[in-house]
Enquirer: 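Structure in structure tokens, see below.
Model, not experiment: these values are computed from the prediction. Each residue takes its place number in the sequence, starting with 1.
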Amino acid sequence: MRNLKKVIALVAVFAMLISTVAFAESFSDVAKTDNYAEAIETLSALNIITGDDENNDGKMEFRPADTITRAEVTAIISRIQGMNSAAQSNTEFTDVPSSHWASGYINQAAGQGIVNGYGDGNFGPEDAVKYEEIIKMLMETLGYNPFVNDNGGYPTGYITAAQRYGVLEGVVGGGVGTEAPRGMVAQMVYNAIDTPLMDKYTYGKDAQYVVYDNIDTYGYQTLLTRDLKMIKITGKVVANSYTDLTNGSTSVDTSMDKTIAVRVDNTNSNYQYGLSDYLATSNTDYRALSIYQGEVDADSYLGYAVSLYAKEESNNDEYTLVSITQNGSRNSSVEFT
């Protein structure tokens, strides 16, 4: 009977541990199995997109199937370049007064050549963004104008660039002339921030443009690394502050509270850009990166394949977690009692 009580106690403890593995969803209308869910959750955590409590019931909604306006997209374009605010200002467009909430964003994007109006002096800030328009804005932000000019211009060249360089990866549906729903825009933006930038490599009469997609040649730069000062890692959480999947005792640096270790998936050095000083052999079976959780509770992701974003802290030369999501295509789970 004593042994049976021990077994029951262990089962009870195990059941309690299982019940704690819950993954927060930022928006009540976005389930983790939905199209674009990972993109929406990640961009929300990075403060690039927002939802609202339209029903005043305390539940944030994203409305992924709704349209998104041209003004809203200009705000997103600024945020993915590390500019989270823009003071209201005069614009060149007659329908965007300085009092408009997005006048600063629109003025900023227009000055960069990322957006333009309809040719009659109007911008149409409340008009729904079309499929080809959001693609154009993103590829301009990424610097792909030279490629676009060589491949048909607007809209063909922009769409070709987006397809070739991964900005349309995972995007379902859409076509020239159709309105782009919020969920689709989120997926494109999610892809774009991790897309290598195109920029001038040499100047002068014979200026050369290159894609910064290889750390061993021209270098590796994305909006994440250049403007948002973050890194993206895909891998498996192999240790947290309490335990290690391999040896049962934690192998992470616990000098600060709540630390996880991630076995980095990618052997391609491009994906380890900036990590060489932090990748250390903590176990003979894997190389893991220790990351402080900060305000993100990631202990329950132990054993899961994840995508995460971390920001380097200038004051201590360490990385702090900003966002973590399950890699849905690589995880499977079973529920039992």
Enquirer: What orientation do Phe62 and Phe27 show, parallel under 30°, tilted 30 to 60°, or perpendicular over 60°?
Expert: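 Judged by the thresholds at 30° and 60°, the geometry between Phe62 and Phe27 is tilted.
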Enquirer: So, the side chain of Asp95 versus the backbone of Gly124: is there a donor-acceptor pair under 3.5 Å, distance only?
Expert: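 Yes.
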Enquirer: Please determine whether side chain to side chain contact (heavy atoms under 4.5 Å, CB included) holds for the pair Val189 and Val73, giving the CA-CA distance in whole Å, both sets of side-chain angles, and the decisive distance to 0.1 Å.
Expert: CA-CA 10 Å; Val189 173; Val73 168; over 6 Å; no
Enquirer: Could you tell me whether the side chains of Thr156 and Asn151 share a donor-acceptor contact shorter than 3.5 Å?
Expert: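 There is no such pair between these side chains.
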Enquirer: Residues in ring-ring contact (aromatic ring centres under 6.0 Å, His included) with Phe123, at least two apart?
Expert: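 Listed in chain order: Phe93.
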Enquirer: Considering residues, nucleotides and ligands other than Arg164, do more than 12 of their heavy atoms fall under 6.0 Å from its CZ?
Expert: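 At most 12 heavy atoms, drawn from other residues, nucleotides or ligands, come within 6.0 Å of this atom.
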Enquirer: Keeping Gln293 on the side-chain end and Ala298 on the backbone end, is there a donor-acceptor pair under 3.5 Å?
Expert: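 Yes, because the side chain of Gln293 sits within donor-acceptor range (under 3.5 Å) of the backbone of Ala298.
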Enquirer: Return the orientation label for the Phe147 and Tyr165 ring planes: parallel under 30°, perpendicular over 60°, tilted otherwise.
Expert: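 Phe147 vs Tyr165 ring planes: perpendicular.
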Enquirer: Compare all side-chain heavy atoms of Lys258 with those of Leu321 and state whether any distance is below 4.5 angstrom.
Expert: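 They are not in side-chain contact.
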Enquirer: Using only atom types and a distance under 3.5 Å, with no angle test, would you say the side chain of Ser28 pairs donor to acceptor with the backbone of Met60?
Expert: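 Side chain of Ser28 to backbone of Met60: a pair is present.
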Enquirer: Is it true that Arg63 and Asp29 make a salt bridge, defined as a side-chain N closer than 4.0 Å to a carboxylate O?
Expert: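 Between Asp29 and Arg63 there is no salt bridge, as every charged N stays at least 4.0 Å from the carboxylate O atoms.
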Enquirer: Could you state the interatomic distance from OG1 (Thr320) to CE (Met230), rounded to the nearest 0.5 Å?
Expert: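 With rounding to 0.5 Å, OG1 (Thr320) is 11.0 Å from CE (Met230).
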Enquirer: Check for a donor-acceptor pair, side chain of Lys136 on one end and backbone N or O of Ile114 on the other, with a separation under 3.5 Å.
Expert: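 Pair found, side chain donor or acceptor close to backbone of Ile114.
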Enquirer: Checking Gln81 against Gln112: is there a side-chain donor and acceptor pair closer than 3.5 Å?
Expert: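 There is such a pair (donor and acceptor under 3.5 Å, judged by atom type) between the side chains of Gln112 and Gln81.
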Enquirer: Please determine, by modelled atom types, if Glu132 and Tyr158 share a side-chain donor-acceptor pair under 3.5 angstrom.
Expert: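 No, because no side-chain N or O of Glu132 sits under 3.5 Å from a partner of the opposite role on Tyr158.
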Enquirer: Determine whether the side chains of Glu126 and Thr69 contain a donor N or O and an acceptor N or O closer than 3.5 Å.
Expert: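 There is no such pair (donor and acceptor under 3.5 Å, judged by atom type) between the side chains of Glu126 and Thr69.
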Enquirer: Might you work through the side chain to side chain contact (heavy atoms under 4.5 Å, CB included) test for Val167 and Leu142, ending with a clear yes or no?
Expert: CA-CA 10 Å; Val167 172; Leu142 294 171; 4.0 Å; yes
Enquirer: Relative to Tyr118, does Arg70 satisfy both conditions: NZ or CZ under 6.0 angstrom from the six-membered ring centre, and within 45 degrees of the ring's axis?
Expert: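 Ring-cation test returns yes.
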Enquirer: Give a yes or no answer on whether the side chain of Ser78 reaches the backbone of Met83 with a donor-acceptor pair at less than 3.5 Å.
Expert: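 Between the backbone of Met83 and the side chain of Ser78 there is no qualifying donor-acceptor contact (under 3.5 Å).
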Enquirer: Leu197 vs Leu223, test: side chain to side chain contact (heavy atoms under 4.5 Å, CB included). Steps then yes/no.
Expert: CA-CA 7 Å; Leu197 300 170; Leu223 291 172; 4.0 Å; yes
Enquirer: Indicate every side-chain donor-acceptor pair of residues 168-175 with a distance under 3.5 Å to a residue at least two apart or in another chain.
Expert:
none

Enquirer: Ile291 pairs by side-chain contact (heavy atoms from CB on, under 4.5 Å) with which of Val322, Ile233, Thr259?
Expert: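 So the option named by the test is Ile233.
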